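These notes concern the structure reproduced below.
The structure presented is a predicted model; accordingly, all values stated were derived computationally and were not measured. Here is how names work: the chains are called A, B, and so on, in the same order as the sequence lines, proteins then strands, and each is numbered from 1.
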Amino acid sequence: MLDDKTIKGLLLRSAARDEGSAVAFERLYKMSAPLLLGVAKRIVQRAELAEEVLHDSFVKIWDAADSFDPLATQPVAWMVAIVRNRAIDTRSCHDVSRVQSYHDDALEDPDGTLDRLFEWAEGADDLEDRRRAADWLRECLTRLQGVERQSLVLAYVQGLSHSELAAHLEKPLGTVKSWVRRGMANLRQCVETCMGIAR
Amino acid sequence: MRLENHRLLDALCGEYIIGTLRGGARRRFERAMRSEPRAALRLRYWESIVSPRYSKMIEAQPSPRVWQRLQRELDLARYRMPWHRRAAFWQGWAVAATAALVFTLAMLFLPRPSETLQTVQIARLSGTDGAISVTADLSRDGRTLVLHASRPVLAGPKQSYELWLIPVAGTGPVPVAVLGSLDATFALATAQLGQLRPGSTLAVSTEPAGGSPTGKPTGAVILAGKITG
C-alpha cells in the first residue's frame with residue numbers, strides 16, 4: 001500500500017523545482033506507477049492506452065505538483081483522481097467498449113470484487129479516523145441495493161458513463177442515472193450515520 | 001453559475017467522485033472548485049467519505065519506455081544536481097587530483113635523467129600476452145626509478161597507468177607512481193626509499209585519469225614482474 005506521508009514528501013519535493021526534484025519525481029513514479037497503471041488499465045482496457053494515460057497523468061502531476069495542497073488532500077487520492085479523469089477522457093475518445101467486453105465481476109460477486117479491487121485494512125500510518133472511515137465505507141457499500149452498488153462500482157472502477165452503464169445493464173438511461181445519484185446519496189447518508197452526524 | 005449554495009452541489013460532488021460527471025460539465029465543476037472555497041470544502045468532505053484505496057492486486061508494471069519518455073519530455077535533467085556539486089564526485093576528484101599533483105611534483109623536482117644517472121635493472125615487467133615489456137631501473141642512490149617500455153605506450157585521455165609495489169610481507173599493493181606513459185623517470189617517495197627489495201613485485205594497472213580513486217588498484221593489472229636485483 002502506498003504510504004501517504006512518503007508520497008506527500010516526494011510531491012512537495014518535486015514541486016520545489018530544485019536540484020532534488022528530478023530524483024524525488026523519479027521515486028514518486030517508481031513507487032506509484034504500478035498502482036496508477038492498474039487504475040488506468042481497468043478503465044481503458046488496453047495496455048498501450050493505459051501507458052499513454054499513465055504518461056499524460058505524470059506530466060499533469062509534475063505540472064500541478066505546486067498546486068497540490070498537502071493540508072487539504074490525501075496525496076494518493078489526488079494522483080488517482082488525475083489518472084481516473086485522464087483515463088475516462090481517453091476511454092471516451094477511443095470507443096473502448098467495442099474492444100473488450102466489461103468484466104462482470106461487479107454484478108456476480110459484488111463483495112469479492114470490492115475486496116479484490118480495494119484495500120480496506122488499515123495502513124501502518126493511518127490515523128484512527130481514517131481506518132474507521134474505510135470500515136464504514138466498506139460496510140455501507142455492502143448495505144446499498146445491489147443495482148446501486150453495481151452502478152457505482154462499474155462507474156468508479158471501469159469509468160463507465162451513464163449511457164454505457166445503461167447499455168451494459170440494459171436499463172433506461174434515466175433509471176441508471178437515478179441509481180448512481182441515489183447510490184451516492186445513500187452511501188453518504190450511511191457513512192454519516194456511522195459517524196454519528198446524520199440529520 | 002455559482003455552486004456554493006446550489007441545491008445540486010451534493011449530487012454533483014457525488015457524480016464527480018464516481019466519475020460520471022463528464023466533459024464540459026466536469027471542467028465547469030473543476031473551475032468552480034478553484035474559485036468557490038465553500039464548494040471546494042464540500043467536495044473535500046465528500047472525498048473524506050468516499051475515498052476507497054485500490055488494492056495492490058490491481059498493480060501492473062509499466063514498460064520502461066514510459067519513464068524514459070517522461071524524463072525526456074519534462075527535461076528532468078534540469079532538476080538534477082549537477083555533476084560538479086555532488087559529494088561523491090568531489091571525493092573522487094580529491095583523490096585523483098592529489099595523485100596527479102604528486103605526479104606533477106615528482107616530474108618537476110626530478111633530477112633530469114642524464115648521462116650521469118647510473119642505474120641498474122631491478123625488474124622486467126610483462127603482460128600475459130607478452131606483447132610488451134617494461135624494464136624498471138633503479139638509480140645507484142636508490143632515489144630514482146626509470147621505466148623503459150619495449151615500445152611507446154601512452155595512456156588514453158580518460159585513463160592513467162599506475163605503478164604499484166607489492167611487498168613480500170603481503171601488506172597489499174602500495175602506490176608508487178601515476179603514469180601517463182610507460183616510459184617514465186621519477187623520484188621515489190621518501191617512504192618508499194629502500195622498499196624496492198628483491199622478491200617484491202612491481203605491477204602496473206590501468207586506472208581512471210589521475211590514478212586510482214581508492215588508493216588500491218581498481219582496473220586491470222596489465223604488467224607485473226618480480227624485483228630481482
Please say whether more than 12 non-hydrogen atoms of neighbouring residues, nucleotides or ligands are located less than 6.0 Å from CZ in A:R17. yes
Checking A:Q189, A:R188, A:M184 against A:N186 for side chain to side chain contact (heavy atoms under 4.5 Å, CB included), the one that qualifies is A:Q189
Side chain, backbone, both or neither: which part of [X] has an atom under 4.5 Å from a heavy atom of chain B?
X	value
A:V76	neither
A:L35	both
A:E26	both
A:F58	both
A:R84	side chain

Sort B:L8 into side chain, backbone, both or neither according to what part of it lies under 4.5 angstrom from a heavy atom of chain A. side chain
Which portion of B:I17 sits near chain A, non-hydrogen atoms under 4.5 angstrom: both
With respect to chain B, which residue among [options] yields the maximal number of heavy-atom pairs within a distance under 4.5 Å?
options	answer
A:N85, A:I88, A:L165	A:N85
A:L141, A:V80, A:D18, A:V23	A:D18
A:A16, A:G38, A:S161, A:P34	A:P34

Answer yes or no: is the gap between the SG atoms of A:C140 and A:C190 smaller than 2.5 Å? yes
Does any donor atom in the side chain of B:Y16 or B:E30 lie under 3.5 Å from an acceptor atom in the other side chain? yes
Would you say the side-chain atoms of B:E207 and B:S160 include a donor-acceptor pair closer than 3.5 Å? no
Can a salt bridge be assigned to the pair A:K177 and B:E15 using a cut-off of 4.0 Å between side-chain N and carboxylate O? no
If you count heavy-atom pairs under 4.5 Å with chain A, which of B:E47, B:E73, B:R65 comes out on top? B:E73
Can you tell which of B:C13, B:G14, B:G19, B:P52 has the highest number of heavy-atom pairs within less than 4.5 Å of chain A? B:P52
Minimum heavy-atom distance between B:G215 and B:W164, given as atom pair plus value: O-CZ3, 3.3 Å
Closest approach of A:V176 and A:A166, non-hydrogen atoms and distance? CG2-CA, 3.6 Å
